[in-house]
*Asks:* 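Let me begin by handing over the structure; questions about it come next.
Since this is a predicted model, take the numbers as computed values, not measurements. Numbers restart at 1 for each chain; the letters A, B, ... are given by sequence-line order, proteins then strands.
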Number of protein chains: 2
Amino acid sequence: MALDHALLVALRERPGSGYELARRFDRSIGFFWTATHQQIYRVLRRMQELGWVRAEVVPQDARPDKKVYEVTPAGAAELQRWIAEPVEPEPVRLALGVKVRAAAFGNAKALREEVARQRDRHAQRLDLFQQIEKRDFPDPRRLGPQASAQYLVLRGGIMVEKGWVDWCEEAIGVLREMEAGQ
Amino acid sequence: MALDHALLVALRERPGSGYELARRFDRSIGFFWTATHQQIYRVLRRMQELGWVRAEVVPQDARPDKKVYEVTPAGAAELQRWIAEPVEPEPVRLALGVKVRAAAFGNAKALREEVARQRDRHAQRLDLFQQIEKRDFPDPRRLGPQASAQYLVLRGGIMVEKGWVDWCEEAIGVLREMEAGQ
DNA sequence: GTCCGCATGTAACTTGTTACATGATTTA
DNA sequence: TAAATCATGTAACAAGTTACATGCGGAC
């Protein structure tokens, strides 16, 4: 149960409504933590009951009212506590890995095409991340704490995507040979 | 819902009981797909109802009987079908990423220590994978289809772990600076 | 006049986790 | 005599997904 904490971080970086958070989860934060709006609303309500966030209803004209959430001192304390907790290893789930091993029994061609699509997807994402890096962090040596945390996470994303692209290339080669023998 | 297919792959590689599969999921297959025994039993039963696997009760002396499962032709066909299906991007959940951004608001020291532990964990795992590589795949150029699929997945694991180790090193540096300013 | 964006939600479902239960045999 | 291994399972719960509902305003 860490969506709670992901939301706390997001709200500490900038208060916002559930809707607004959902959009952020489609972009920046969503690069390393995903959530749908239903989940977000549910967790926000629970955190409000726990006193970790407080909501202020902001009336708007020409738009529905919104509830802007912000982190309370209790929420900030919870975040501090949680940081110190050990991270248990997250469950691994590499569908492509399963498929590769499945392809040993046939249909390597279909998988090779799929892997090629995945490679393109990851390459695209890598490109996006590198653009963000260039645009937002041209001089990474002097950054404030918030910015350097964001930069670090971005660097992680870049590493992951690079790894995927390389692996897909390797996989395509192996699958092509497998294909020849099927 | 891909535990089904992970189990089909595992059973095609070698038939076995639920218990035996659970142990495999703690080792080889578990490196890229995790599952507990409860989940495995549940899914096996469902797949039997669907006709994807069939079970044979094997009486044993000095041990409880076991049900050895194997993949039926219908199960094999399902696997072929599934391979060709596009892999939708798996939800990203990087707790460490969230924590790094949380650490911008305090407690960077606790996180740095935790990241160091993570680095060690990943380094250990990397070492394990590299040992397996050396032991089981000394000459990767001539492998049968099953072995080359296994090798490819292992290579993926090695890449991922290397990436993590590097990232953790980077993170420790950044957190140390953050710490100095908190 | 239809679709998109803003804004919040309910309900039903699937998947995954945790705790517990049983019972024999081998190992320390 | 306590523990670990083999072997299968139930029950309760937590987390995440999908589908649906509402309603206004602006853009095309």
*Asks:* If you measure from the Lys or Arg side-chain nitrogens to the Asp or Glu carboxylate oxygens, is any gap between Arg117(A) and Glu113(A) under 4.0 Å?
*Replies:* no
*Asks:* Rounded to whole Å, how long is the line connecting atom CZ of Arg46(B) with atom P of dG9(D)?
*Replies:* 15 Å
*Asks:* Can the ring centres of Tyr19(B) and Tyr41(B) be said to be less than 6.0 Å apart?
*Replies:* no
*Asks:* With a cut-off of less than 4.0 Å, is there a side-chain N or O of Arg45(B) near OP1 or OP2 of dT10(D)?
*Replies:* yes
*Asks:* Both Pro64(B) and Asp65(A) contact DNA chain C. Which one's nearest nucleotide lies toward the 5' end?
*Replies:* Asp65(A)
*Asks:* Check the interface with nucleotides 17-19 of chain C: list each N/O to N/O pair with the protein under 3.5 Å, or write none.
*Replies:*
residue, atom, partner, partner atom, Å
dT17(C), OP2, Gln39(B), OE1, 3.3
dT17(C), O4, Arg42(B), NH2, 3.0
dA19(C), N6, Gln38(B), NE2, 3.0

*Asks:* Can you find a side chain N or O atom of Tyr41(B) that sits less than 4.0 Å from OP1 or OP2 on dT8(D)?
*Replies:* yes
*Asks:* Take atom CD1 of Ile40(A) and atom P of dG9(C), then tell me their distance rounded to the nearest Å.
*Replies:* 13 Å
*Asks:* Report the distance from atom NZ of Lys66(B) to atom C1' of dT25(C), rounded to the nearest whole Å.
*Replies:* 15 Å
*Asks:* Under a 4.0 Å N-O cut-off, is there an ion pair linking Arg45(A) with Glu49(A)?
*Replies:* no
*Asks:* How close do Arg121(A) and Val87(B) get, counting heavy atoms only, and between which atoms?
*Replies:* NH1-O, 4.1 Å
*Asks:* Check whether any side-chain N or O of Asn107(B) sits under 3.5 Å from a backbone N or O of Ile83(A) as a donor-acceptor pair, and report yes or no.
*Replies:* no
*Asks:* For residues 17-30 of chain A, which residues have at least one heavy atom under 4.0 Å from DNA chain D?
*Replies:* none
*Asks:* If every non-hydrogen atom of Ile172(B) is compared with every non-hydrogen atom of Ala116(B), which pair is closest and at what distance?
*Replies:* CD1-CA, 3.9 Å
*Asks:* Among side-chain atoms of Tyr69(B) and Glu56(B), is any donor-acceptor pair under 3.5 angstrom?
*Replies:* no
*Asks:* Run the salt-bridge test on Glu133(A) and Arg155(A) with the 4.0 Å N-O cut-off and return the result as yes or no.
*Replies:* yes
*Asks:* Should Lys99(A) and Glu114(A) count as an ion pair when the cut-off is N to O under 4.0 Å?
*Replies:* no
*Asks:* Hey, which of these two, Val43(B) or Lys67(A), hits DNA chain C nearer its 5' end, going by closest nucleotide?
*Replies:* Lys67(A)
*Asks:* Expressed in angstrom and rounded to an integer, what is the separation of Gln60(A) atom CD from dC6(C) atom P?
*Replies:* 11 Å
